[in-house]
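Encoded as structure tokens, the structure appears first; notes follow it.
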Amino acid sequence: MKKHLELLRSVVAAVLVVALMFCNPINAMAQGGKLSEGAQLVLRVSEDFNSANKADTGILNAVVDNDVYSADGTAVLIKAGTPAYIEFTAESNGSWGKAGKICFTNAFTKAVDDKRVALRLSSCKKGGSKLGGVIVLSVLFFPIGLISGCMKGSMPKISQGTTFSATVMQDMVVE
């Protein structure tokens, strides 16, 4: 009877160990989680960007600067160093010293399970205006100074290492 009871305990213990290996809730939480809308992350530009050499729209290469955790804070859903791509639109500089402008509105990266994560940015950079110089030259050297109206303002430059704050656009489950 004693051996039968020990055998029964051993079988129950083995079944419990196997059940815990397959149904471990801690293991399930560590593998994924919910990425909440509005989660903050920082993108760092990974190349020098001179908008004078670019088209009206395009993509700028960047990397995620910090780990992004699940809503409950238990799992990393986007790792630092993950490549990210920032979409931009450029408004060209113009005559009469008008400065150029470039706006960064959307970006995307990938979560640890390779799902695409859409990001929202809200940042615009403006180049230097030369309107004051055009006005001074036009007044001082009138009427020949009106030729200075052909002077263009400058386009903004974004250097490598510049950071942008971004937020996740929608809730998603990462596995």
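Between the R120 side chain and the N106 main chain, no donor and acceptor come within less than 3.5 Å of each other. Here the side chain of D67 pairs a donor or acceptor atom with the backbone of A80 at under 3.5 angstrom.
When all heavy atoms of D113 and V173 are compared, the pair lying nearest together is OD2-O, 4.2 Å. Taking all atoms of both residues into account, the shortest heavy-atom contact from E47 to L60 is OE2-CD1, 3.3 Å. The two residues G81 and V63 have their closest heavy-atom pair at O-CG1, 4.1 Å. When every heavy atom of V68 is checked against every heavy atom of Q40, the shortest pair comes out as CG2-O, 4.2 Å. Considering all non-hydrogen atoms of both residues, M172 and K115 come closest at CE-CB, 3.6 Å. Taking every heavy atom of both residues into account, V42 and N66 meet most closely at N-OD1, 3.0 Å.
Contact of the T109 side chain with the Y85 side chain is not registered, since no non-hydrogen atoms from C-beta on lie closer than 4.5 Å. With contacts defined as side-chain heavy-atom distances shorter than 4.5 Å, the pair Q160/D48 qualifies.
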* Please walk me through it: do T105 and E87 pass side chain to side chain contact (heavy atoms under 4.5 Å, CB included)? -> CA-CA 7 Å; T105 54; E87 298 172 358; 5.5 Å; no

* Asked: Does the pair I158 and F88 meet the rule for a side chain to side chain contact (heavy atoms under 4.5 Å, CB included), with working shown?
  -> CA-CA 12 Å; I158 310 297; F88 69 86; over 6 Å; no

* Pair V117-F108, side chain to side chain contact (heavy atoms under 4.5 Å, CB included): steps then yes or no -> CA-CA 5 Å; V117 179; F108 58 93; over 6 Å; no

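Atom CG in L119 sits 11.5 Å away from atom OG in S165 (nearest 0.5 Å). Rounded to the nearest 0.5 angstrom, L35 CG and Y69 OH are separated by 13.5 Å. To the nearest 0.5 Å, atom CD of residue E37 and atom CG of residue D171 are 6.0 Å apart. Separation of atoms OG1 (T167) and CG (L41) is listed at 8.0 Å; rounding is to 0.5 Å. Taking OG of S46 as the reference point, atom CG of N61 lies at 5.0 Å (rounded to 0.5 Å). To the nearest 0.5 Å, the span separating CG on D72 from OG on S36 amounts to 9.0 Å.
The hydrophobic cluster containing M169 does not contain V174, counting ILVMFWY residues as joined when their side-chain heavy atoms lie under 4.5 angstrom apart, directly or transitively.
Checking T82, T163, L121 one by one against L43, the side chain to side chain contact (heavy atoms under 4.5 Å, CB included) holds for a single residue, L121.
Judged as a salt bridge (Lys or Arg N to Asp or Glu O under 4.0 Å), and not counting sequence neighbours, K110 has no contacts.
Environment of NZ in K79: sparse, with no more than 12 heavy atoms of neighbouring residues, nucleotides or ligands closer than 6.0 Å.
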